[in-house]
Amino acid sequence: MPEQNFKSRTLYHGDNLAFLRGMNSETVHLIATDPPFNKNRDFHATPDSLAAGARFQDRWSWTRDVHEEWTDSIKDDWPAVWDVIDAARTAYGDDMGAFLCWLGVRLMEMHRVLREDGSLYLHCDPTASHYIKAMLDSIFGWKNFRNEIVWRIGWVSGFKTQRRGWIRNHDTILYYTKTPAAHKKFNKEFIPYPEGYVRRDGKKPTGKGIPIEDTWNCSSGDILDSIMIKSFSREKTGYPTQKPLALYERIIKASSNEGELVLDPFCGCATTPVAAEGLKRQWVGMDIWDGAKDIVIQRLENDTILRAGEGNHVTLPQVFIETEPPARTDDNAIAAPTLKLRIKRPQERWERLSHRVMRRVLAEAQANMFGVICAGCGRDLEREFMELDHILPKAEGGANHILNRILLCGPCNRRKRNYLTLAGLRRENKKKAVGWMKDETQALRAQSKAREKAEWVRDYFDTDECQKMFAAM
């Protein structure tokens, strides 16, 4: 069984990416979360409320918010995810691409920490739900998509009725499982049949009762209706995007059992931890807001018997507040799809070069007087038309460092994809039906020069000459 390297009832305060990366693989039974949506606006809590002072900015910039390490990792290990991000940038704009890149690296880690029988429920709205679904299909696999649940977020009244056009009155919850078998543990809830209830044929029913989903909406079992926080409810905290406790209680009941671990990487005002605690689940929450600690503690103390601090009464359970990520004690599996990649030793500095630097080093190595030589077909092209790829594909255990990198023209890169070796690509290019090989001698020469330069970088990485070369790039 996977070993938890963190305590239950822990709130991690800070950027959730570091905390997710610190969690052992396959330790979480259920993730129920409500991330930002790329709404391009700022959110503020109600003044004088429990969450007074809470605010977050749901705006994204490709130049400000996207890290080179993220884009390199996605391109290397999740190329299908990169295709979604690239398409979103083209169709919507750089802000959507930046948001998906930021969310994508976190979803990859969520997929890794889920157990084989684990489930993910991700709440979103129409701003980005279609892009998020495509990205989740790329991470979890489209066959592990279980349902798109419609949650009606309130009654249509007041100023909404004056709006021209269709009135938006629902959000979406995307439901995925780690494996097909995980869906078998779904817990349906039933309510007893009303007294005198009979079927259409006049006979008394023999089942367990009416599925609780049908009581929310008699026509559709994937519409959650009449779950909202009323304006006068003591449940309201004033948090700008607070969700109803009953909504998360239903999710937790459906896809976890007592004693199992529930994770919310964007726990905000603690709705998921409160629901999990009340349903006798273990839980871990994460949030970057400075006031998250206080509101989580206050809600848990108000709604449960939890207390924080070392001076608790010995009979009361304790909430742990952490600002440092847990230390991995498993085999350090990285978040990559089905490749079973392992990093069992610290990487050398030369192994961590960015895509940008590797492209420039290899462009110099594969250059001739006319341009850069493609190592797949031997064509001379301008540097801008050359693309970075692996010599030995990731599917066969190829590494991401410069010794396993090469520059190819666009057609060669697309033909090679994620399964051909470089030698296999050249054989494919020489086939009569393909006919793309121009000069195999040139292609082999380009690979040889690239290998020589990569070995020089490895052997002389810490020298002044090598560091000056990087500084000039």
Side-chain angles (χ1 to χ4, degrees), residues 11-21 23 28 30-45 51 54-61 65-67 70 74 78 81 84-85 88 92 95-114 118-140 145 148-149 151 153 170-176 239-244 247-248 251-252 255 262-273 275-276 283-289 292 295-296 335:
L11 171 68
Y12 287 100
H13 176 222
D15 186 342
N16 60 17
L17 182 58
F19 303 136
L20 288 166
R21 286 178 169 174
M23 297 176 72
V28 175
L30 170 64
I31 297 175
T33 195
D34 177 26
F37 301 161
N38 191 30
K39 298 288 286 182
N40 196 33
R41 55 179 286 204
D42 298 334
F43 291 87
H44 301 268
R55 64 181 300 272
F56 66 89
Q57 187 180 74
D58 194 6
R59 305 172 188 268
W60 307 89
S61 162
D65 299 315
V66 176
H67 297 271
W70 297 354
I74 295 170
W78 299 85
V81 174
V84 174
I85 294 170
Y92 189 105
D95 58 332
M96 183 61 75
F99 166 71
L100 292 176
C101 193
W102 172 86
L103 181 61
V105 292
R106 288 157 174 81
L107 289 174
M108 295 169 194
E109 296 298 333
M110 292 184 215
H111 179 269
R112 178 185 61 79
V113 303
L114 273 178
S119 301
L120 167 74
Y121 288 79
L122 187 142
H123 175 221
C124 50
D125 77 358
T127 308
S129 60
H130 41 304
Y131 295 117
I132 295 174
K133 184 184 182 301
M135 189 161 64
L136 285 170
D137 285 345
S138 301
I139 295 173
F140 281 76
F145 168 67
E148 181 177 276
I149 303 165
W151 170 47
I153 56 181
H170 78 272
D171 279 358
T172 296
I173 300 172
L174 299 174
Y175 167 38
Y176 284 76
Y239 192 80
T241 58
Q242 182 180 355
K243 300 303 179 293
L247 177 67
Y248 278 77
I251 290 171
I252 291 170
S255 291
V262 179
L263 167 66
D264 188 348
F266 301 93
C267 75
C269 61
T271 298
T272 303
W283 58 265
V284 169
M286 302 172 181
D287 207 89
I288 198 169
W289 171 45
I295 194 171
V296 168

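Worth knowing before you read on, the calculation uses all heavy atoms, side chains too, and leaves out hydrogens, waters and symmetry mates.
Among all heavy-atom pairs drawn from M108 and I74, the shortest one is CE-CG1, 3.3 Å. The two residues M135 and V84 have their closest heavy-atom pair at N-CG1, 4.0 Å. Scanning all heavy atoms of the two residues, the minimum distance from H13 to F19 falls at O-CZ, 3.4 Å. The two residues F145 and L174 come nearest to each other via the heavy atoms CE1-CD2, 4.4 Å. Considering every non-hydrogen atom in both A276 and I252, the closest pair reads N-CD1, 3.7 Å. Between L17 and W70 the shortest heavy-atom distance is CD2-NE1, 3.5 Å.
Looking at R112, its side chain does come within 3.5 Å of a backbone N or O of M23 through a donor-acceptor pair. Judged purely by atom type and a 3.5 angstrom limit, W283 has no side-chain atom pairing as donor or acceptor with the backbone of A275. The main-chain N or O of M286 is never found under 3.5 Å from a side-chain atom of N16 such that the two would form a donor-acceptor pair.
Judged as a side chain to side chain donor-acceptor pair (under 3.5 Å), and not counting sequence neighbours, Y12 has no contacts. Contacts of S119 classified as side chain to side chain donor-acceptor pair (under 3.5 Å), with partners at least two apart in sequence or in another chain: none. Residues forming a salt bridge (charged side-chain N to carboxylate O under 4.0 Å, His left out) with R106 (at least two apart in sequence, or on another chain): D15. Qualifying side chain to side chain donor-acceptor pair (under 3.5 Å) partners for Y121, counting only residues two or more places apart in sequence or in other chains: S255. Evaluation of the side chain to side chain donor-acceptor pair (under 3.5 Å) rule for T33 yields D264 as partners, not counting sequence neighbours.
Between F140 and Y176, the ring-plane angle classifies as tilted under the 30° and 60° cut-offs.
A distance of 10.0 Å separates CD1 of I31 from NE2 of H111, quoted to the nearest 0.5 Å.
Within the 4.5 Å cutoff, the side chain of L11 has heavy atoms near those of the C267 side chain. Between D34 and T271, the closest side-chain pair of non-hydrogen atoms is not below 4.5 Å.
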**OP:** Check the pair I149 / I251 against side-chain contact (heavy atoms from CB on, under 4.5 Å), numbers first and verdict last.
**Re:** CA-CA 11 Å; I149 303 165; I251 290 171; over 6 Å; no
Considering only distance and modelled atom types, tabulate donor-acceptor pairs under 3.5 Å from the side chains of residues 98-105, sequence neighbours left out.
none

